[in-house]
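Chain letters run A, B, ... following the sequence lines, proteins first, then strands; residues in each count from 1. All values below come from the heavy atoms of this structure, side chains included, with hydrogens, waters and symmetry mates left out.
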Amino acid sequence: MTSPKQVAIRSDFDIVTARTTARDLAKQLGFGAIDQARIATAVSELARNIFLYAGMGTVSVCMVELRGRRGIEIVCADSGPGIADMERVMQDGYSTSRGMGMGLPGAKRLMDEFDLQSQEGVGTTVTCRKWRA
Amino acid sequence: MDRQHDLADQVAWLRQTVQWMIPIGIGSTLIYGAGAALFAQPLLALMAGTTLLVSIASVWVRWSIGRRSIPTLVLALVLALWTTIVVVSITIPATLPGTVAALVMTIALALPYVPSAMLRWLSLAGWLLSLITVVLARYLTIFAPLPQQVADMLYFFVTLAVVAVCLLLLWQFHARLTTSLQHAQTANSALVQAQAGLEAQVAERTATLRNALDDVEARAADQTRMREELEQQREAIRELSVPVIPVLVGVLVMPLVGALDSARAAVVAEQVLHAVEQRGARMVIFDVTGLPIIDTQVAQVLLHTTAAVRLLGAQVVIVGIRPEVAQTMVTLQLDLGAIATYPDLQEAVAGTLRATGWRQPERVRT
């Protein structure tokens, strides 16, 4: 595991920085164009969630290795209001803002591994990984 | 520190004084004793006795230095001396002037060692004692007057002793004074040095602090400037990226490039709607070749803008979705609904023209 690159999310622009960072690392790790797009889009969705609901948070991107396979790990954390109903939030079409409700379930489909941890009033952490084929 | 210094000095002086007195006392005792034996003068024997008393007192004081307080020791010495003096004065009226002087001298001896209060009492006692001694010596005759030889010898020794002690005392005073002055001067120069040192340190620290402050201020100014620059650049980027290009009469192309944050999305919508209205466009083509990512936010922007444009009576078409973006959109289950998509601009224009049965007018207003 290399040291993670962290991007603080405080504005719209930082979302772009976060996904560019993720995409760059994916490129370095040898992911193909489609996987790069998937990773960048997932980061974009998750970072946008941070900005929309918590106002600020961090996106950490790093390489992971398991049984000889290389992958990318993305951790999006915030100290926002947290998620009240974790099950509903993973259903397509459910949105507590006027969004499309595709962010979290979409990101899950885009990545290989997806883990959502949240506590109301404390914050939310989303960890996801994608492995190189 | 000074008090301890003083005390150590006092002890040293006292020791020295007593060390003089012991030989003098013992010497005198021997001489008087010898004299008494030789001349069979009980008077001399009495003298020997008193000097012996002084000698014993001196030895005792010498031995007790450190065990008892200095004023106590000095008091003992003074009392021993006074006893001698009184006895000598009374028995040998001839020595009266010298002995009275000696009485006073003992107080001078005690001066450096006793506190002022005791000194006052001592002086008073000494004065009274001299008075009594003079009176008694005048009117009390115990012994027959000494033979002239003996009296002279006595004078001689007494004077010698008194002078010796006087000189010793004077020398002590001088030494004490010089030492005190030296101490004061050393302390003073040390203080002056320390002050100079401190002032130098303060000046140095102030300079360092001022430098640090200047640094901090410079950095703050830098940061403010950089923030302003950053803001300006962001503004410039926003402005850069929303051109609307009329390709044919009634057909607008809007290339979307880079990131579509919410501010830019608003500008996009504004530009498009304004252009549609101004030029009477019937078709708007969004060229998204330059968008590396289409996420839910971008999709939302496109859908909303499309809805608004439709209300103005124009159609919306999207061209330039890249293969990887297409994959992502499917995974995200993004549905662009009724927006038609074409692979490139040519197809888009041709397709729409066919669909709407549009005929190019004779004169093209450019």
Item to check | Part of A/Thr20 lying under 4.5 Å from any heavy atom of chain B | outcome: neither
Checklist outcome for this item: In terms of heavy-atom contacts, B/Glu324 and A/Ala33 come closest through CB-O, 3.9 Å
Next on the checklist: Contact between B/Pro292 and A/Gln36 at the side-chain level, heavy atoms closer than 4.5 Å - yes or no?
Outcome noted: no
Next on the checklist: Give the interface residues of residues 38-58 of chain A toward chain B, defined by a heavy-atom separation under 4.5 Å.
Outcome noted: A/Arg38, A/Ala40, A/Thr41, A/Ser44, A/Glu45, A/Arg48
Checklist outcome for this item: Looking only at heavy atoms, the pair that brings A/Ala37 and B/Thr328 closest together is CB-OG1, 3.7 Å
Checklist entry - Should the heavy atoms of other residues, nucleotides or ligands under 6.0 Å from CD of B/Glu229 be counted, would the total exceed 12? => result yes
Item to check | Contact summary for A/Arg109 and B/Leu332, nearest pair of heavy atoms | outcome: NH2-O, 3.6 Å
Checklist entry - Which region of B/Gln327, side chain (C-beta onward) or backbone (N, CA, C, O), has a non-hydrogen atom less than 4.5 Å from a non-hydrogen atom of chain A, or is it both or neither? => result side chain
Next on the checklist: Does B/Gln278, at its CD atom, have more than 12 non-hydrogen atoms belonging to other residues, nucleotides or ligands within less than 6.0 Å?
Outcome noted: yes
Checklist entry - Under a 4.5 Å heavy-atom cut-off, does chain A meet the side chain of B/Leu334, its backbone, both or neither? => result side chain
Item to check | Heavy-atom side-chain proximity of A/Arg19 to B/Asp295 below 4.5 angstrom | outcome: yes
Item to check | Check against side-chain contact (heavy atoms from CB on, under 4.5 Å), B/Gln297 and A/Ile15 | outcome: CA-CA 12 Å; B/Gln297 209 239 10; A/Ile15 298 174; over 6 Å; no
Next on the checklist: Within the supplied structure, the quantity of interest is the number of heavy atoms (other residues, nucleotides, ligands) at a distance under 6.0 Å from A/Arg69 CZ; does it exceed 12?
Outcome noted: yes
Item to check | A/Glu113 atom CD: more than 12 heavy-atom contacts under 6.0 Å | outcome: yes
